[in-house]
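Numbering of residues begins at 1 and proceeds along the displayed sequence.
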Amino acid sequence: MANGASVLDAKLTAGAGKGAKIGVLVFGVALVIGFIYAGAHLASDLAQVHSSEVMPFVLLGIALLVALGFEFVNGFHDTANAVATVIYTHSMEPHVAVVWSGAWNFIGVLVSSGAVAFGIISLLPVELILQVGSSAGFSMVFALLIAAIIWNLGTWFFGLPASSSHTMVGSIIGVGIANQLMSARTGTSGVDWAQATKIGKSLLISPLVGFVGAAVLLLLCKALIPNRRLYEAPKGTEPPPFWIRALLVLTCTGVSFAHGSNDGQKGMGLIMLILIGTVPTAYALNHAVTAQQTQDFAAVSTQTAETLGRYVLPAAVVGDSRDEVTDYIRTKNFTPNTMLAMRQLVNEISTEMAMYKDLKAVPQDKVPNFRNDMYVVSEGLRLMQKSGKPQFSTADAAVLSNYKTHIDNATKFIPNWVKVAVALALGMGTMIGWKRIVVTVGEKIGKDHLTYGQGAAAEITAMLTIGAADWFGLPVSTTHVLSSGVAGTMAANHTGLQWGTVRNLAMAWVLTLPVSMILSATLFWAFRSLSG
């Protein structure tokens with residue numbers, strides 16, 4: 001197993017040819033069309049912004065480049081895992097595989113609900129989200145993105161399939177802790193630890209699911225499919241039999257789709273924060289909401305205010321309703337005043353909605369505050385439902401859930417051009433950086449080369465695990481699930497593991513959170529200090 005990289009290089013060089021040229025050509029055409037589409041829609045949206053100031057557009061350009069740079073580097077890691085087995089087994093030519101995987105990543109991104117994107121955003125300090133257009137908000141976005149890029153590049157350089165999800169969560173926690181230490185508040189003004197714990201559990205459990213699931217699946221395959229060709233390693237540049245090739249292409253497709261629907265969302269939520277902070281007129285509110293839907297929202301708001309009113313105590317007193325609910329989101333401390341503030345905010349939003357009749361008609365100077373009111377109400381309802389305080393009746397809980405759906409439709413949305421740009425950035429990263437990760441997955445985890453059956457078992461497990469996580473709105477690491485799946489098949493096959501690689505993978509897994517936290521916290525402090 002020595003010189004694994006050189007062995008793979010020789011195979012790929014021998015197998016490259018017409019397929020490589022076709023793959024590069026198709027990807028190039030898709031890249032041009034995609035960026036024209038994204039650029040045209042961005043320009044159309046910005047045309048709605050009537051401002052003589054240049055700085056917001058400069059900040060927008062820089063921030064978008066950094067955010068797409070993160071997705072580009074993400075392509076080195078996670079998307080490369082999706083094509084690792086199909087490339088290593090010569091089931092598809094590398095460049096064709098990258099295009100194929102990119103297409104299914106894109107489809108996965110397009111059909112994604114956005115739950116993962118906004119689930120990650122909910123980890124951020126609420127005051128920074130509400131002030132995302134301020135220097136503190138931009139310091140937050142730049143700090144966590146640059147920290148994630150630095151760590152991802154470092155682990156990629158050493159060929160380690162580190163987790164971009166893990167890195168992003170660590171960066172967000174680092175910013176939250178730094179914000180708390182720098183804040184004058186003494187409460188929990190930093191991290192939503194309950195949400196962080198929930199996400200942390202999914203990142204911790206998913207590799208175990210990958211290891212055990214892939215091992216069990218391989219053993220089942222051996223019992224049910226006794227064809228020895230399925231359990232052989234690739235020989236030279238010879239592709240596998242057609243039925244095995246079709247199986248591996250299918251599993252690659254499934255992992256790519258699942259990756260797009262889950263991991264592809266990480267950067268999208270941050271891009272939306274950037275857009276809201278720089279050009280709120282165009283992106284703070286969902287202009288796709290129709291006038292009829294706006295009227296429905298007004299009716300639902302009236303019903304919701306009446307429902308909340310039944311839980312308001314006579315002694316409750318509120319000064320600023322948004323500040324009161326924001327403090328509740330920050331501290332998780334529910335008081336009688338919280339419910340009164342929630343009802344007042346719902347009434348205020350309903351009154352303004354009835355006044356403007358359409359989200360597109362909200363005046364430019366009113367958009368940020370209007371959006372922040374809606375965001376605070378949505379987060380407040382989410383915490384009430386999760387904590388069970390107060391205890392709503394079944395009927396009242398249904399009313400509040402329906403209202404939250406309406407309000408999220410107005411604020412938690414992702415334009416299609418953002419999804420296109422993210423998918424293209426992922427594809428570009430994979431096209432350039434896939435080889436190091438393919439070498440690790442194919443030749444450096446087990447003592448023997450990866451067999452067709454092992455690759456299929458690992459990818460099927462990864463596909464199902466990621467799909468389940470997406471259903472529950474939880475981010476998981478494609479890298480961790482697939483790598484642990486390959487390790488599980490090696491253990492089930494009694495071929496042994498290369499403990500040097502396993503140790504390095506474990507070290508990257510252990511160090512990712514603390515290193516990304518320290519990096520992002522340091523960068524946040526530096527950016528805040530520079531911006532005053």
Side-chain angles (χ1 to χ4, degrees), residues 23-49 57 60-80 82-83 95-118 120-121 141 145 149 164 168 253 255-276 278-279 282-284 286-288 412-434 466 470 475 478:
V24 172
L25 178 62
V26 170
F27 183 77
V29 171
L31 201 64
V32 171
I33 294 174
F35 277 123
I36 290 175
Y37 171 85
H41 279 75
L42 175 60
S44 175
D45 291 342
L46 294 182
Q48 305 172 28
V49 181
F57 298 101
L60 173 63
I62 296 172
L64 282 179
L65 284 176
V66 174
L68 292 176
F70 165 75
E71 292 295 351
F72 175 78
V73 176
N74 186 13
F76 288 4
H77 285 75
D78 292 15
T79 316
V83 297
H95 301 88
V96 175
V98 170
V99 173
W100 179 260
S101 176
W104 285 98
N105 260 284
F106 174 60
I107 294 171
V109 169
L110 279 183
V111 302
S112 62
S113 64
V116 173
F118 293 108
I120 289 179
I121 291 301
V141 172
L145 282 174
I149 289 172
S164 294
M168 180 57 71
T253 302
V255 173
S256 299
F257 175 83
H259 175 266
S261 68
N262 190 283
D263 267 27
Q265 296 188 49
K266 290 195 296 288
M268 293 193 296
L270 295 173
I271 289 175
M272 288 309 301
L273 279 184
I274 292 166
L275 294 171
I276 291 167
T278 52
V279 280
Y283 296 107
N286 187 0
H287 292 174
K412 296 182 178 181
F413 66 101
I414 301 172
N416 283 335
W417 73 261
V418 172
K419 298 180 178 182
V420 170
V422 166
L424 290 176
L426 284 170
M428 287 176 63
T430 308
M431 182 70 80
I432 292 172
W434 56 265
I466 298 167
D470 187 48
T478 302

Distance col, row W417:CH2 vs L42:CG, nearest 0.5 angstrom, shows 4.5 Å

Given side chains that start at C-beta, do those of F57 and T278 come closer than 4.5 Å, heavy atoms only? no

Atom CG in N286, atom CZ in F413: separation rounded to 0.5 Å? 4.5 Å

Should V66 and I274 count as side-chain neighbours, where that means a heavy-atom distance under 4.5 Å? no

Interatomic spacing from CG in L68 to CG in L424 - rounded to 0.5 Å: 9.0 Å

Could you tell me if the side chain of H41 sits less than 4.5 Å from the side chain of N416, heavy atoms only? no

So CZ of F70 and CD1 of I271: to nearest 0.5 Å the spacing works out to 10.0 Å

Report the residues that fulfil side chain to side chain donor-acceptor pair (under 3.5 Å) with W100, sequence neighbours left out, ordered by chain and then residue number. T253

Minimum heavy-atom distance between E71 and M268, given as atom pair plus value: OE2-N, 4.2 Å

Using 0.5 Å steps for rounding, measure from the CG atom of L145 to the CE atom of M168. 5.0 Å

To check you understand the geometry: which heavy-atom pair defines the closest contact between P415 and M272, and what is its length? CD-SD, 3.4 Å

Closest heavy-atom pair and its distance - V83, S101: CG1-CB, 3.3 Å

Side-chain heavy atoms of L60 within contact of L46, under 4.5 Å: yes

A side-chain contact here means heavy atoms from C-beta on lying under 4.5 Å apart; do L426 and F72 qualify? no

How many angstroms lie between CG in L270 and CG in L273, if you round to the nearest 0.5 Å? 6.0 Å

